[in-house]
Amino acid sequence: MPLTSDTRPAPAGEARPAEGQPETPFLVVDPERVGRNIARLRSRLAGLGTPLRPHVKTAKSLAVARLLFDGEPGPITVSTLREAEVFAAQGYTDILYAVGLAPQKLDRVVALHRAGVYLQVLLDSVAQAEAVAAVSTRTGVRVPALIEIDCDGHRAGLRPDDPTAVRIAETLERGGAEARGVLLHAGGSYHSRSRAELVAAAENERAAAVRAAAGLRAAGFAAPVVSVGSTPTAHFAADLTGVTEVRAGNFVFFDLVMAGIGVCTVDDLAMSVVVTVIGHQPEKGWIVTDGGWMATSRDRGTSAQPVDQGYGLVARLDGPLYPDLLMTDASQEHGILTVRPGSPAALPDLPVGTRVRILPIHACATAAQHDEYLVLDPATGAVTEIWPRLRGW
């Protein structure tokens, strides 16, 4: 893949044909499942009357984004300015940068605005607001900002009734920036253990967002944007009254964490890592592969769930799972496959050279280990397309 002068991979705007057979480990994606996952969420949100602003941080792929929007650029959420810059170069001009802003990045924000991109930033402190206001005053670019609200103690943001939100809005507007409204991410929903808990997390997210926006409006700010979202709450919200947009990203691929909390089924997982059997340790009940944590990541997100899936489930290249076969350990370039403890299943006979697929624990983390996705012909297993991923911040 060609490199830019700063050595970061430069993703092509289009998928490209495959050239020969790849060596393992490599990342594969199933476009049919991706399309099905997208259609499911879009249909659900349409029924609730709220638009989707998809998060591209999971796939980091222009090819996947084209599936999200039927080929035409639409409003997106990003987690890095690198994502914003790459997508902007391909015609995406309505972008929300949904990570708390480091003031040193404001020059890049201004550059995107001057290139015709409406880029909203995120903050939760007066110090950040002062930096945004200062750059707006200096450049004449009215930078739009959302205030991050914490609905469940998950990570960052202000509590819904914190008066600091009004001080932030005042600071932004006084300095020539724009207080656009509020943003929430119900990250605590990833720890839900039932449908009732997922529904409750979604309603808590909505209610907190509406309350925070009402506080800004009572202080004289329009707050036209009320942005919420996580893959779990997007799929279980029963009411989105007062919300102007929903953000989600993991849903394009799904993963075993999402399956473990009931957001999807294992059959919905649209991405996996192909690895090759390179050895056996019969006395230990091990099958050894050439795919370690550099290929799948070290994420162990199901370890706290009722069913621990190790580093991932193991499936045949043509689809079906091997009964109770898990990737249970990993070093940098070695994966260990074993039968789930307590299972009556037998260790399958997988000779050296056999290729299998590892279904990911956390799609975002697994995808981040790779530069590209491969699309396989379902009939022959041959690679038909290569979809580049972008990297960097």
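Along the sequence shown, residues carry numbers from 1. Since this is a predicted model, take the numbers as computed values, not measurements.
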Do Asp267 and Thr265 have side-chain N/O donor and acceptor atoms under 3.5 Å apart? no

So, Asn37 side chain and Asp268 main chain: donor-acceptor pair closer than 3.5 Å or not? yes

Which heavy-atom pair separates Leu112 from Ala88 by the least distance, and what is that distance? CD2-CB, 3.9 Å

With distance as the sole criterion, is a donor-acceptor pair present between the side chains of Ser230 and Thr233 under 3.5 Å? yes

Spell out, as yes or no, whether a donor-acceptor pair under 3.5 Å connects the side chain of Arg82 to the backbone of Arg391. yes

Side-chain donor/acceptor of Thr244 to backbone N/O of Val226, under 3.5 Å: yes

Criterion side-chain contact (heavy atoms from CB on, under 4.5 Å) on Phe253 and Met258, from CA distance to verdict: CA-CA 10 Å; Phe253 295 147; Met258 290 295 102; over 6 Å; no

Show the numbers, then the answer: is there a side-chain contact (heavy atoms from CB on, under 4.5 Å) between Ile261 and Arg193? CA-CA 6 Å; Ile261 62 176; Arg193 292 293 177 265; 3.7 Å; yes

Distance col, row Ser272:OG vs Leu317:CG, nearest 0.5 angstrom, shows 8.5 Å

For a 4.5 angstrom cut-off between non-hydrogen side-chain atoms, does Glu203 reach Val199? no

So, for Gly310 and Thr302, which heavy atoms are closest and what is the spacing to 0.1 Å? N-OG1, 4.0 Å

For the backbone of Glu148 and the side chain of His185, can you confirm whether one donor and one acceptor N or O come within less than 3.5 Å of each other? no

I'd like to check Leu122 versus Val99 (side-chain heavy atoms, cut-off strictly below 4.5 Å). Are they in contact? no

Can you tell if the side chain of Arg300 reaches within under 4.5 Å of the side chain of Asp308, non-hydrogen atoms only? yes

Can you tell me if CD on Glu32 sees more than 12 non-hydrogen neighbours from other groups inside 6.0 Å? no

Heavy-atom nearest pair, Asp152 first then Ser189, reads OD2-N, 4.2 Å

Between the CG atom in Leu326 and the CG atom in Leu359, the distance rounded to the nearest 0.5 Å is 10.5 Å

Asp255 side chain to Asn250 side chain, donor-acceptor N/O pair below 3.5 angstrom: yes

Any carboxylate oxygen within less than 4.0 angstrom of a Lys/Arg side-chain nitrogen, looking at Arg36 and Asp30? no

Side-chain heavy atoms under 4.5 angstrom apart, residues restricted to Ile, Leu, Val, Met, Phe, Trp, Tyr: same cluster for Ile278 and Ile358? no

The reported gap from CG in Leu123 to CD1 in Ile147 (rounded to nearest 0.5 angstrom) is 6.5 Å

Tell me which pairs pass side-chain hydrogen bond (donor to acceptor under 3.5 Å, both in side chains) where either residue lies in residues 71-81, with sequence neighbours left out. Ser79-Glu83, Thr80-Glu83

So Ser227 and Gln120, do their side chains get closer than 4.5 Å, heavy atoms only? no

Donor-acceptor check, side chain of Arg357 to backbone of Gly319, threshold 3.5 angstrom: yes or no? yes

Give me the atom names and distance for the closest heavy-atom approach of Arg33 to Ala270. CB-CB, 3.6 Å

Flag, side chain of His55 to backbone of Ala248, donor-acceptor distance under 3.5 Å: no

Cluster link Val375 to Val64, ILVMFWY, side chain under 4.5 Å: yes

Qualifying salt bridge (charged side-chain N to carboxylate O under 4.0 Å, His left out) pairs with a residue from residues 41-56, counting only residues at least two apart or across chains: Arg53-Asp94, Arg53-Glu245

Point-to-point distance, once rounded to the nearest 0.5 Å, from CD of Glu170 to CG of Leu216: 10.0 Å

Suppose we screen for salt bridge (Lys or Arg N to Asp or Glu O under 4.0 Å). Which residues come up paired with Arg142, at least two apart in sequence or across chains? Glu173

With the side chain counted from C-beta on, respond yes when Phe236 and Val263 share a heavy-atom pair under 4.5 Å apart, and no when they do not. yes

Which pairs count as side-chain hydrogen bond (donor to acceptor under 3.5 Å, both in side chains) when at least one residue sits in residues 316-325, sequence neighbours excluded? Asp324-Arg340, Asp324-Ser343

I'd like to know if the side chain of His154 reaches the main chain of Asp150, judged simply by a donor and an acceptor atom lying under 3.5 Å from each other, with no hydrogens or angles considered. no

Common cluster, Val56/Phe69, ILVMFWY with side-chain heavy-atom separation under 4.5 Å: yes

Counting only heavy atoms from other residues, nucleotides and ligands, does the tally under 6.0 Å from CZ of Arg195 exceed 12? no

Quick one: are Lys284 and Ile336 in side-chain contact, heavy atoms under 4.5 Å? no

Are Leu119 and Leu146 co-members of a hydrophobic cluster defined by side-chain heavy atoms under 4.5 Å apart? no

Assess whether side-chain contact (heavy atoms from CB on, under 4.5 Å) is satisfied between Val246 and Val228, documenting all intermediate values. CA-CA 5 Å; Val246 171; Val228 305; 4.1 Å; yes

With no hydrogens and no angle check, is any side-chain donor or acceptor of Arg217 less than 3.5 Å from a backbone partner on Ala222? yes

Could you walk me through whether Gln309 and Val257 pass side-chain contact (heavy atoms from CB on, under 4.5 Å), step by step? CA-CA 9 Å; Gln309 306 288 23; Val257 167; over 6 Å; no

Quick check against the 3.5 Å criterion: does Thr366 have a side-chain atom that pairs as donor or acceptor with the backbone of Ala363? no

If we only count heavy atoms from C-beta on, is the Tyr92 to Val117 side-chain gap below 4.5 Å? no

Taking a hydrophobic cluster as the set of Ile, Leu, Val, Met, Phe, Trp and Tyr residues connected by side-chain heavy atoms closer than 4.5 Å, whether directly or through intermediates, do Val339 and Trp286 fall within one such cluster? no

How many angstroms lie between CZ in Arg247 and CG in Leu52, if you round to the nearest 0.5 Å? 10.5 Å

Only pairs under 3.5 Å count here: list side-chain donor-acceptor contacts from residues 126-135, not counting sequence neighbours, and write none if there are none.
unit_1: Gln128; atom_1: OE1; unit_2: Asp124; atom_2: N; d: 2.8
unit_1: Gln128; atom_1: OE1; unit_2: Ser125; atom_2: N; d: 3.2
unit_1: Gln128; atom_1: OE1; unit_2: Ser125; atom_2: OG; d: 3.0
unit_1: Gln128; atom_1: NE2; unit_2: Leu101; atom_2: O; d: 2.9

Let me check something: any side-chain donor-acceptor pairs from residues 287-299 under 3.5 Å, sequence neighbours excluded? List them with distances.
unit_1: Thr289; atom_1: OG1; unit_2: Gly291; atom_2: N; d: 3.2
unit_1: Asp290; atom_1: OD1; unit_2: Thr276; atom_2: N; d: 2.8
unit_1: Asp290; atom_1: OD2; unit_2: Thr24; atom_2: OG1; d: 2.5
unit_1: Thr296; atom_1: OG1; unit_2: Gly292; atom_2: O; d: 3.4
unit_1: Ser297; atom_1: OG; unit_2: Asp299; atom_2: N; d: 3.1
unit_1: Asp299; atom_1: OD1; unit_2: Gly301; atom_2: N; d: 2.9
unit_1: Asp299; atom_1: OD2; unit_2: His362; atom_2: ND1; d: 2.9

When you measure from the side chain of Arg206 to the backbone of Ala237, do you find a donor-acceptor pair of N or O atoms at a distance under 3.5 Å? no

Looking at every non-hydrogen atom in both residues, tell me the closest pair between Tyr311 and Ala330 and how far apart they are. CE1-N, 3.9 Å

Approximate separation, where rounding is to 0.5 Å, of Lys57 NZ and Ile76 CD1: 14.0 Å

Considering non-hydrogen atoms only, spot the tightest contact between Arg389 and Thr58 and give its length. NH2-O, 3.6 Å

Do Thr93 and Pro73 make a side-chain contact, defined as non-hydrogen atoms from C-beta onward lying under 4.5 Å apart? no

For Thr328 and Thr338, test the side chains for any donor-to-acceptor distance below 3.5 angstrom and give the result as yes or no. yes

